[in-house]
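Quick notes on the structure that follows.
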Number of protein chains: 4
Amino acid sequence: MKTGLNKREKNKELNRAAILTAARILFGESGYSDTTVRDIIGRTGLASGTFYNYFRSKEEIFKALRDETARQVRPRLHAERSRATSLSDFVYLTFHSFFETIKVNRDLYEITRRNSGMLRLQQDTPEIIAGLRDDVEDAIRRGLLPRIDLDYFVPAIIGVALEVGDAMIQRIPLDVEAAARFASQLFTGGIPALSVPEGGA
Amino acid sequence: MKTGLNKREKNKELNRAAILTAARILFGESGYSDTTVRDIIGRTGLASGTFYNYFRSKEEIFKALRDETARQVRPRLHAERSRATSLSDFVYLTFHSFFETIKVNRDLYEITRRNSGMLRLQQDTPEIIAGLRDDVEDAIRRGLLPRIDLDYFVPAIIGVALEVGDAMIQRIPLDVEAAARFASQLFTGGIPALSVPEGGA
Amino acid sequence: MKTGLNKREKNKELNRAAILTAARILFGESGYSDTTVRDIIGRTGLASGTFYNYFRSKEEIFKALRDETARQVRPRLHAERSRATSLSDFVYLTFHSFFETIKVNRDLYEITRRNSGMLRLQQDTPEIIAGLRDDVEDAIRRGLLPRIDLDYFVPAIIGVALEVGDAMIQRIPLDVEAAARFASQLFTGGIPALSVPEGGA
Amino acid sequence: MKTGLNKREKNKELNRAAILTAARILFGESGYSDTTVRDIIGRTGLASGTFYNYFRSKEEIFKALRDETARQVRPRLHAERSRATSLSDFVYLTFHSFFETIKVNRDLYEITRRNSGMLRLQQDTPEIIAGLRDDVEDAIRRGLLPRIDLDYFVPAIIGVALEVGDAMIQRIPLDVEAAARFASQLFTGGIPALSVPEGGA
DNA sequence: CATGAATGAGGTTTCATTCAT
DNA sequence: TATGAATGAAACCTCATTCAT
């Protein structure tokens with residue numbers, strides 16, 4: 001039955017979730033290579049062999065984490081962006097939803113950042129960002145954006161999102177709106193639009 | 001003769017260079033953790049112990065590579081930027097010199113990209129980028145740039161430089177000017193300035 | 001059952017004991033530095049990594065061996081000596097219990113002998129001897145021994161115990177009483193007391 | 001010619017001596033296994049390959065050091081002992097000359113102590129002590145000593161010499177006479193002869 | 001002879017993975 | 001399924017010794 005999991009099945013789910021969580025934290029903190037399977041399983045209190053009841057290898061859990069990110073994050077980013085009705089709207093929502101996601105899922109984000117090119121697990125674009133190109137193409141079709149060289153434009157968005165995102169996280173207080181405003185002003189009007197009024201910090 | 005190196009010294013230079021080159025390639029291809037000392041020395045045809053005649057540890061050769069980058073690249077980027085006489089000039093030269101550097105030292109660039117957050121070897125800002133903030137501050141003092149929030153602006157430049165730089169490298173033909181033009185237009189006038197005339201790619 | 005160990009636990013005990021025994025023999029034969037972890041584990045038939053399931057390092061197993069000695073030997077030597085009621089009694093029991101211990105734990109003794117000053121693992125006094133000074137001080141308080149310069153007297157006992165002990169072990173038949181008699185006569189009456197009747201060996 | 005060494009030959013002698021001295025110090029400080037050929041040669045300022053112009057191997061220099069000890073020390077100890085005219089004389093001179101030797105050649109002594117059973121280089125009796133048995137047998141023949149079990153007596157002397165010698169070295173001020181007096185009193189009259197007058201240290 | 005870089009066997013230790021319980 | 005000891009390949013590094021200069 002879909003609705004009810006018996007005790008055994010429920011425990012399986014919990015264990016799997018616990019292992020994933022531990023891996024998420026550790027990959028984020030130390031990177032893929034410097035995180036051992038023992039580190040991961042040790043954080044859960046389970047025995048080391050148990051790891052292999054849930055994941056076939058260390059590589060597999062890394063991929064599972066990526067997929068999780070994709071499943072959770074992509075639809076959300078897409079939904080936000082599709083509400084846009086103007087260029088500045090589109091840009092602001094893109095950055096805002098991305099920064100908001102970073103703030104909420106900081107550990108998943110760390111993994112993507114710290115292990116971008118690792119092993120041979122990499123994709124050209126981190127999952128957390130996937131889907132952006134489609135949405136941009138759609139925005140062009142909808143007339144929100146002018147015709148642009150996407151091979152440079154999409155990376156430009158990504159670059160700003162990642163680096164300004166990093167800066168945002170380190171800043172106190174953590175202000176998603178301010179960061180999103182900064183990035184979207186840059187993309188909407190360039191440097192002149194960024195000018196800080198008199199005694200700005 | 002004072003000027004020339006004798007055979008022994010010349011050979012030492014060659015070996016050291018060979019080891020550095022091998023490390024550069026492998027760190028770039030596989031990252032720091034997944035590159036073994038044996039991989040490195042194996043590529044040179046030397047014996048495994050010989051590695052340690054030149055570098056005290058795996059970590060040390062990594063640092064040596066980084067320092068090499070810094071010594072080669074920083075002064076050059078700085079020199080280019082300090083020639084700027086206007087906002088658009090400053091931005092264009094910044095991106096252009098960076099992309100040019102990437103093109104020439106592609107392997108060194110890969111290392112920095114792939115190992116940014118790795119191990120505990122990282123610095124907050126990869127060497128290849130260090131110095132940018134100083135130059136931007138200087139440009140503001142010189143009136144080339146308006147007063148801006150540097151904690152977001154500098155990362156924004158870096159993000160675009162890195163991601164557009166990656167895109168540029170994969171593109172054939174490799175066109176530094178085009179990439180620099182794109183990035184500086186974005187920073188100078190925002191998306192509207194990017195608009196591609198009719199039949200653009 | 002609480003009292004018995006199951007198969008797993010029993011096997012663990014056996015393996016740990018096997019590793020300790022192998023180390024004991026090899027350290028005794030070749031000394032600490034010239035005994036490799038591979039030698040030790042090889043003697044047990046276990047895989048090389050297994051060593052590190054039981055001891056964190058080569059140094060640790062050495063210490064474990066020492067502690068084992070201490071736990072086994074010290075209380076026993078102390079108990080014997082505290083039974084003494086006269087000077088000659090005290091001296092005889094001291095040597096006798098020491099020689100008896102050597103005889104029984106010959107391999108542990110070899111380790112202590114061969115590695116006394118080694119590496120930086122040493123303690124000033126090998127465990128096998130520790131406690132002697134306390135007992136001597138106690139004997140002086142109890143009036144069994146006169147007031148003596150302990151900084152020379154304790155080493156003198158130790159020196160005779162070790163060297164005569166070595167000689168005893170090589171002698172056939174191994175006669176603990178004879179060795180103890182010799183040493184205690186020397187300490188009780190000096191050389192004159194050692195005089196061998198007519199046809200002595 | 002015996003009398004004059006030319007410059008080349010003199011330098012050879014100096015180098016050989018320098019290497020031996022360095023080895024003596026280092027073997028004494030760290031033991032045979034933990035001293036590297038590079039450590040030794042490094043202390044002399046010579047190049048590592050040069051070591052092998054003087055000694056065929058690390059083991060050989062160790063043996064050379066042993067032989068040096070024997071050549072220097074044995075005759076001297078023998079000469080001192082043969083002057084003895086009574087039991088107490090013999091015993092006192094034996095210990096005194098040994099302690100005096102220790103004091104003067106502390107580094108050679110350390111080597112013998114720290115590496116007694118090492119490698120397979122050991123002899124049953126350290127070189128520094130060799131010859132003792134012969135002298136004792138001679139003393140018995142000369143009527144200085146009673147007939148004694150030499151297999152225990154010689155080791156007893158050695159044990160006291162080594163251990164009291166160690167204690168003496170650590171004591172400040174270093175008093176050879178006091179140590180020799182202690183040891184010879186013990187051997188002459190046993191513990192009763194050691195009794196310290198009232199407020200002795 | 002002196003030099004010091006090159007050699008490569010071998011040392012200690014780690015860790016993903018397997019498997020008997 | 002859970003356990004955790006066993007496995008063994010492989011990582012980093014050391015060092016006695018050789019050899020071209």
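Order of the sequence lines fixes the chain letters, A, B, ..., with proteins taken first and strands second; residue numbering starts at 1 for each chain.
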Watson-Crick or G-U wobble mate for [N], both contacts under 3.5 Å:
| N | result |
| --- | --- |
| E:dG8 | F:dC15 |
| E:dT21 | F:dA2 |
| F:dA10 | E:dT13 |

Quick one: do A:R106 and A:E110 make a salt bridge, cutoff under 4.0 Å? no

Round to a whole Å and report the spacing from [atom1] of [X] to [atom2] of [N].
| X | N | atom1 | atom2 | result |
| --- | --- | --- | --- | --- |
| D:F55 | F:dT17 | CZ | P | 13 Å |
| B:F62 | F:dC12 | CZ | P | 14 Å |
| C:I41 | E:dG11 | CD1 | C1' | 15 Å |
| C:K58 | E:dG10 | NZ | C1' | 12 Å |
| B:N11 | E:dG4 | CG | P | 15 Å |
| D:D34 | E:dG11 | CG | P | 15 Å |
| A:R16 | F:dT1 | CZ | C1' | 16 Å |
| D:L26 | F:dA16 | CG | P | 12 Å |

Nearest to the [X] side chain among [options], which nucleotide is it?
| X | options | answer |
| --- | --- | --- |
| B:S48 | E:dA9, E:dT13, E:dT3 | E:dA9 |
| A:T36 | F:dC15, E:dC1, E:dC15 | E:dC15 |
| B:S57 | E:dT17, F:dC13, F:dT3 | F:dC13 |
| A:K12 | F:dT1, E:dT13, F:dA6 | F:dT1 |
| D:R38 | F:dA16, F:dA5, E:dT3 | F:dA16 |
| D:Y52 | E:dT18, F:dT1, F:dA16 | F:dA16 |

Just checking C:T35: base, sugar-phosphate only, or nothing, at a heavy-atom cut-off of under 4.0 Å? sugar-phosphate

Across the strands shown, which category fits C:F51 at heavy-atom distances under 4.0 angstrom: base, sugar-phosphate, nothing? nothing

side-chain contact (heavy atoms from CB on, under 4.5 Å) evaluation trace for C:V37 with C:Y52: CA-CA 10 Å; C:V37 171; C:Y52 292 88; 3.8 Å; yes

Could you tell me if A:T36 and A:D39 have a donor-acceptor pair between their side chains, going purely by distance under 3.5 Å? yes

So, C:D34 versus D:S33: side-chain donor-acceptor pair below 3.5 Å or not? yes

Separation of C:L65 CG from C:D67 CG (nearest 0.5 Å): 9.0 Å

Does A:N15 place a side-chain N or O at less than 4.0 Å from the phosphate oxygens OP1/OP2 of F:dT1? no

Are any of A:N53's side-chain N or O atoms less than 4.0 Å away from OP1 or OP2 of F:dA2? yes

Under the 6.0 Å and 45° cation-pi test, does D:K58 pair with D:F27? no

Assign each of D:G45 and B:T50 to its nearest nucleotide of DNA chain E by heavy atoms, then name whichever residue's nucleotide is nearer the 5' end. D:G45

